[in-house]
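For reference, the structure discussed in these notes is given below.
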Amino acid sequence: MLLIKNATIVLGEYVNTIEKEKQDYLFMTDILVKDEKIIKIQKNIFISKSVRRNLITIDAEYKYVIPGIVDPHCHMRDPGFTNKEDFITGSKSCIRGGITTFLDMPNTSPLTITKENLELKRKNSLNRSYSDYGFHFGGSKEDNSSEISQVSHEVASTKIFLNASTGDMLIEDNKVLENIFFESSIVSFHAEDEKVKTAIDLSEKFNAPIYLCHISTEKELEFIKKAKMKGLSIFSEVTPHHLFLNAKSREISDLNNKLLRMKPELKTSEDNESLWQGLDSGLIDVVGTDHAPHTLEEKLESTVFGIPGVEHSLEMMLNGVNDKKITMYTLIRAMSINPAKIFKIKNKGKIEYGYDGDFIILDMDEQTTITNDEVISKCGWTPYNGMKRGGKILTTILRGNIVYDKGIFFDLLGKEVEYKKN
Ligand code: DOR
Ligand code: ZN
Ligand code: ZN
C-alpha cells in the first residue's frame with residue numbers, strides 16, 4: 001500500500017470575481033493506494049497498526065500531486081529504428097517527464113498496419129517499459145480495413161497521414177479512407193493547413209469522431225472552432241514545441257536551424273499566442289508531445305523531421321502555468337484527463353476513487369535550467385536546452401509503485417493499457 005500525505009491536489013478551476021482571472025481550486029489531502037488503485041482520498045487517513053507494516057508513506061507537504069500524464073503521441077521507433085529510440089529508453093524518458101501512459105505511433109518498421117505487426121510490437125514491448133502504454137494502429141493506402149476490424153477494440157485509434165511525412169503512409173484514395181473510417185473507433189490525423197479542413201469534412205461525412213494531431217496555426221484553429229460549433233466530434237492536440245518555439249527560434253544559430261525541423265514546422269509568435277488561447281479556452285483538448293527522436297548525427301547530416309518531447313513536456317508546460325497562460329487544472333485536463341477520455345483508456349487520467357494510482361509529485365519552486373546532458377532519450381538532445389523548467393518532477397508513481405524518485409529509476413513495471421467499450 002502507498003500513502004501520500006498532505007498532497008496539494010487540483011479539483012477544478014474558477015473565475016476569481018475581483019481579479020477576473022481563472023484560478024485553481026486546490027485541496028490538501030491524503031491519498032491511499034491499494035492493489036494499484038486509489039481507494040481513499042481524504043484528510044488524515046488513519047492506518048491501523050496491522051497494515052502499517054506493508055505501507056510506504058510519502059509526505060508531499062507543499063507539493064502538488066497531479067495525475068500521471070497520458071501522452072497520446074509518441075514515436076518510440078521500436079521495432080525498426082532503435083538507433084533513435086527503443087521501448088526501454090523511450091519509456092524511461094517518459095517516466096522522467098511524468099508520463100505514466102504513452103501511446104505509440106505506427107510508423108515503425110514494419111509499419112503497425114496488420115494484426116501480425118501489432119502482435120510483433122506487443123511482444124517486443126513486453127517487460128520493456130517503465131511506463132504503461134498503448135498503440136495506435138496505422139491506416140494503409142493499400143486499404144487494410146479488414147485488419148483494422150480485427151484490432152480496433154484493442155488499439156487507441158487508427159492513424160492516417162494526409163500529408164507526406166516520416167514513413168510512407170500518405171492516403172489519398174477516398175474509398176480507402178471510407179473503409180478505414182468504417183472500421184475504426186476513432187481516426188487520428190496528421191493533417192496540416194487545408195488538410196485539417198479535409199479531415200474535418202471526412203468526420204462530418206462519415207459521422208465519426210476524429211483526433212487532429214499537432215495543430216500549429218491560428219488558421220487551423222479557425223477550422224476547428226467552426227467544426228466544434230457545428231457540434232462535430234472533433235478533438236485537437238497541440239505540442240509543447242508549437243507553444244514555446246517559433247520560426248525565430250531556428251534563427252538563433254545554425255545548430256538550431258538544423259535541429260528544430262519537424263512536421264508541422266514551427267510557425268510564428270502570433271500562432272504561439274493563438275494556440276495558448278485555444279488551449280485555455282478548451283478549443284484545443286490535448287497537449288501531446290509528438291516525441292519523434294532522431295540522433296544528433298542524423299539531424300546534422302541531413303534534414304530529418306522530428307524532435308524529442310517526452311522528457312520535458314510537463315516541466316515546460318509548467319512555465320505556462322507560472323506565466324498564467326493556463327491554470328494547473330487546464331494543464332491536467334489537457335495532459336491527463338482528456339487524452340484518457342478521448343482514447344477511452346481504462347482507469348487513467350484522474351485522481352479519483354477506483355482509478356490507477358498514477359501520480360507525479362511536483363516542486364513548483366525548483367525552476368532550474370534544462371540541459372542536453374540530462375537527456376535520457378537515445379537522441380541525446382532536447383529542443384529546450386538552456387531554457388528554464390517551470391517546476392521539477394520529484395517523483396513518478398505508476399499504479400502505486402514508485403518508479404522514479406529524484407534521479408533514480410526503479411523497475412520496468414509498464415504494461416499495455418485497456419480500453420473501455422463505448
Ligand atoms: O516531424 C515529424 N516526425 N512529423 C511526423 O509526422 C512524423 C515524425 C517522425 O516520425 O519522425
Ligand atoms: Zn504527425
Ligand atoms: Zn507524430
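Counting convention: from 1, in listed order, for ligands and their atoms alike.
Results of the side chain to side chain donor-acceptor pair (under 3.5 Å) test with His294 over Lys84, His75, Glu301 single out Lys84 as the only residue that passes. Residue Arg399 is tested with Asp356, Asn347, Asp132 for a side chain to side chain donor-acceptor pair (under 3.5 Å); the sole match is Asp132.
Residue contacts with ligand 1, taken as heavy atom pairs separated by less than 4.0 Å, do not involve Glu192 at all. When heavy-atom distances to ligand 1 are checked against a 4.0 Å cut-off, Asn107 comes that close only through its side chain, counted from C-beta outward. Contact annotation: for His75 versus ligand 1, heavy atoms closer than 4.0 Å belong to the side chain alone. When non-hydrogen atoms are compared, ligand 1 lies under 4.0 Å from the side chain of His294 (C-beta onward) but not from its backbone. Of the heavy atoms in His190, only side-chain atoms (C-beta onward) come closer than 4.0 Å to ligand 1.
For the pair Lys159 and Phe161, the distance from NZ or CZ to the six-membered ring centre is under 6.0 Å and the angle to the ring normal is within 45 degrees.
At a 3.5 angstrom cut-off on N or O pairs, Lys263 counts as close to ligand 1. For ligand 1, the polar-atom distance check finds no N/O of Phe161 at less than 3.5 Å from any of the ligand's N/O atoms.
Listed by number with element, the atoms of ligand 1 under 4.0 angstrom from any heavy atom of Ala292 are 3 (N), 8 (C), 9 (C), 11 (O). Atom numbering of ligand 1 starts at 1 in the shown order; those under 4.0 Å from a heavy atom of Met262 are 1 (O).
Classified by interplanar angle (parallel below 30°, tilted 30° to 60°, perpendicular above 60°), the ring pair Phe206/Phe181 is tilted. In this pair, His214 and His73 present their aromatic rings tilted. The plane angle is within the 30 to 60° band. The aromatic rings of Tyr130 and Phe409 lie perpendicular to each other, with more than 60° between the two planes, well past the 30° mark. Taking the six-membered ring for Trp and thresholds of 30 and 60 degrees, Trp276 and Phe244 have ring planes more than 60 degrees apart, a perpendicular arrangement.
Annotation: Tyr211 is in aromatic contact with Phe343 [ring centroid separation under 6.0 Å]. Taking the six-membered ring where the residue is Trp, the centroids of Phe135 and Phe137 are separated by 6.0 Å or more.
Using a 3.5 Å distance cut-off with no hydrogens or angles, the side chains of Lys121 and Thr108 do pair a donor with an acceptor.
In this structure, Arg261 falls outside the shell of residues with a heavy atom less than 4.0 angstrom from ligand 1.
Around the Zn ion (ligand 3), the protein contributes the following N, O or S atoms under 2.8 Å, ordered by chain and number: His73 NE2, His75 NE2, Asp290 OD1.
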